[in-house]
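Following: one structure in structure tokens, then a few remarks.
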Amino acid sequence: MTVLYKANMVRGAEWARFFAERAPDVPFRLWPDIGDPAEVRYLVAWVPPDDIATTFPNLGLVFSVGAGVDQFDATKVPAHIPLVRMLEPGIAETMVEYVTMAVLALHRDLLHFINQQKEQVWREIRITPAKRRRVGVMGLGQLGQAVLERLRSFDFPLLGWNRSPREIAGVTCYAGAEALPEFLAKADILVCLLPLTDETRGILNADLFARLPRGASLVNVGRGPHLVEADFLAALDSGALSGAVLDVTDPEPLPAGHPFWSHPRILLTPHNASMTTPDTAVDFVLDVIARHRRGEELPGRVDRSRGY
Ligand code: NDP
């Protein structure tokens, strides 16, 4: 019963160490050292190998090493093999830090001050109290909820929008496409934490920007293809949007010379908002493997028909 890891190799060495400590009886291998392919029962991958079904005849389960699965070509993972995404606390903790940083940066005009500093300009900006800055989160899954929980410690009025209805203490929740305009009209800072699916691709578009309060700002930590670039740049130019923090782009890495690199009202990070933490991820994977062997339900199991 071998576990094969095929993702970031530096972190892979940490995975190997934690597996050796916590499950010395479970053989753990780092790609491309696959050993006997017939022994591979569990695969942990960012992008799985193309010929997965024929190479590993006894594969029982595939883990995405990240919280999202849009990078997977699910058609290459046979339908009878469950696909499980990472529901480990390290991803949520690091995402909470990042979104808190981004929301506070936009709330407190950090982009403006960065530009002023470059120009050696000493000019104060009137401070808007948090209780007058409404923060709206799109996608109320594991990450959206964790982010809102932390943002509650500030005084921001909080809103959330989701496919299915949610009840979250201290958050005004909206559900479904028909409720989106009402939600957007109140979101001074909009945070996208949606999965990338056929329904959500291009959701951050001209129509959406036009529905936000004028001068709203955006944090995109979902996926690059959620954003329609031309609409976004036009919204920044027209003042419909006042600024944005982007952690994800399309493509990644962002090519040299792309307008996002030098735009004065965009703060850009290299898909680094959160990261799977080997220490806690190994515990999650071992727990899922134990449940799989007992024939139990699997936390984080991807619903392939929904795409997340
Ligand atoms: P979850 O699956 O836990 O949550 C996704 C939420 O989005 C669910 O609540 C779901 O609703 C909602 N949703 C899905 N489709 C729609 C839709 N069409 N309209 C409205 N709501 C919708 O995912 P996570 O919270 O774990 O992760 C969210 C995303 O964050 C990932 O898919 C990934 O793209 C991104 N991410 C980015 C990272 C980064 O470093 N930048 C790191 C990790 C994740 P419902 O409850 O009805 O299913």
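For ligands, and for the atoms within them, numbers begin at 1 and follow the listed sequence. None of the values given here were measured: they were computed from a predicted structure.
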(message) Out of the candidates L208, I266, L236, L204, only one should pair with L218 under the side-chain contact (heavy atoms from CB on, under 4.5 Å) rule; please name it.
(response) L204

(request) Could you list all the ring-ring contact (aromatic ring centres under 6.0 Å, His included) pairs where at least one residue sits in residues 212-262, not counting sequence neighbours? (result) F232-F260, H258-F260

(message) Using a strict threshold of under 4.0 Å (side-chain N to carboxylate O), is an ion pair present between R301 and E297?
(response) no

(message) Do the side chains of D188 and R134 get close enough for a salt bridge, i.e. N-O under 4.0 angstrom?
(response) yes

(message) To the nearest 0.5 Å, what is the distance between CG on D70 and OG1 on T197?
(response) 9.5 Å

(request) Hey, could you give me the CH2/CZ distance between W161 and F183, rounded to the nearest 0.5 Å? (result) 8.0 Å

(message) What does the 4.0 Å heavy-atom contact list look like for ligand 1?
(response) A67, G68, R85, M95, G139, L140, G141, Q142, L143, W161, N162, R163, S164, R166, L193, L194, P195, E199, T200, V221, G222, R223, D247, V248, H271, A273, S274, R306, Y308

